[in-house]
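Here's the structure we're looking at; comments come further down.
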Amino acid sequence: SSERGLSSRKIGDNGFDLWLLGMLVTLMVSKSIFSPNVFRFSGDEGLAKNLAGYELNVSRDGVHKYANARSTLILKPMFPLSFSNHHPMLCWRGDGFEVIGESMGKLGEVDCYRAKLQRNTELLKTAWWYVDETGNRTTSEWEWRWKALSKKKQFYLVNFAAVNEDELLFSSAQTRNGQLAFRISD
């Protein structure tokens, strides 16, 4: 009999992975059907309706898009047991952008994911991370989901995009890494 290393193991080889995935999906569906879900968009997620220098567009699922001619700040309420949560690059791809060079990096002093976005001749720089309502940041999907479930924290995806690196840094600094979009009082 031959020994197989972990590097050659494929998902579903022993059936446990499929069972675990099935249990996770069952748990998520059951939770959404049988218990009140406090992790859903209520229409008032504590995000500002006004941010100096930006126009606001709020989608029906609670995504707040603050935009001007040179940059965009997107804040999306995240819900740990929702099927609508996905990697932000899926939305950019859905808008017709090619994602180039996605990697971990920094925006100023903030740990984040970084990438370039290209659509035809348009080129943007983007950076994103997750933050809770108290300002605690993470780049880990597992961490924000765990804290949202275990500590009932509301997390948001913070995603900046701009026409160049200087504008990306400027919009991040101008909004204090997006924190000015969190409403204290409107």
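The figures that follow rest on heavy atoms only: side chains count, while hydrogens, waters and symmetry mates do not. Everything numeric here is computed off the predicted structure, so don't read it as measured data.
- In terms of heavy atoms, M89 sits closest to A115 at SD-CB, 4.4 Å.
- Taking 4.5 Å as the limit, some side-chain heavy atom of L123 sits within range of a side-chain heavy atom of K116.
- We find the CG-NZ distance between L169 and K106 to be 12.5 Å, quoted to the nearest 0.5 Å.
- The residues K147 and D132 are annotated as not salt-bridged, no charged nitrogen and carboxylate oxygen being separated by less than 4.0 angstrom.
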**Asked** Given the rule in the side-chain contact (heavy atoms from CB on, under 4.5 Å) test, do K65 and L73 qualify, once you have shown the distances and angles that lead to the verdict?
**Response** CA-CA 6 Å; K65 181 178 179 181; L73 165 59; over 6 Å; no
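- Considering W146, W144, Y156 in turn, W144 is the only one that fulfils the ring-ring contact (aromatic ring centres under 6.0 Å, His included) rule with Y130.
- Side-chain N or O atoms of N177 include none that pairs as donor or acceptor with a backbone N or O of Q179 at under 3.5 Å.
- The ring-ring contact (aromatic ring centres under 6.0 Å, His included) contacts involving residues 103-125 comprise Y113-W128, where partners must be two or more places apart or lie in separate chains.
- At a threshold of 4.5 Å between non-hydrogen side-chain atoms, the residues Y54 and Q174 count as touching.
- With sequence neighbours left out, E122 forms a side chain to side chain contact (heavy atoms under 4.5 Å, CB included) with F97, R119, L124.
- Clustering ILVMFWY residues whenever any of their side-chain heavy atoms sit less than 4.5 angstrom apart, transitively, puts L117 in the very cluster that holds M104.
- Among all heavy-atom pairs drawn from N164 and D166, the shortest one is OD1-N, 3.1 Å.
- Closest of all the heavy-atom pairs between E165 and R114 is OE1-NH2, 2.5 Å.
- Here the shortest heavy-atom pairing between T175 and S171 reads OG1-O, 2.9 Å.
- In the hydrophobic clustering of this structure, L168 does not group with I100; members are Ile, Leu, Val, Met, Phe, Trp, Tyr whose side-chain heavy atoms approach within less than 4.5 Å, directly or through other members.
- Here the side chains of W92 and T126 are in contact, with some heavy-atom distance below 4.5 Å.
- Counting only N and O atoms by type, the side chains of T138 and E143 include a donor and acceptor under 3.5 Å apart.
- Between A127 and N159, the shortest heavy-atom contact is O-ND2, 3.1 Å.
- Atom-to-atom distance recorded for C112:SG and L107:CG is 5.0 Å, nearest 0.5 angstrom.
- At least one side-chain heavy atom of V110 sits less than 4.5 Å from a side-chain heavy atom of W129.
- A donor-acceptor contact shorter than 3.5 Å links the side chain of Q154 to the backbone of M78.
- In the model, T139 has no side-chain atom that pairs as donor or acceptor with a side-chain atom of D111 under 3.5 Å.
- A heavy-atom distance below 4.5 Å is found between the side chains of L75 and Y66.
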**Asked** Taking it one step at a time, do L47 and F182 satisfy side-chain contact (heavy atoms from CB on, under 4.5 Å)?
**Response** CA-CA 5 Å; L47 298 176; F182 289 89; 3.7 Å; yes
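- Within a 6.0 Å radius of NZ in K151, no more than 12 heavy atoms belonging to other residues, nucleotides or ligands are found.
- Heavy atoms only, all atoms of each residue included: K49 and L56 are closest at O-CD2, 3.3 Å.
- Taking the side chain as every heavy atom from C-beta outward, H64 and I74 never approach each other to under 4.5 Å.
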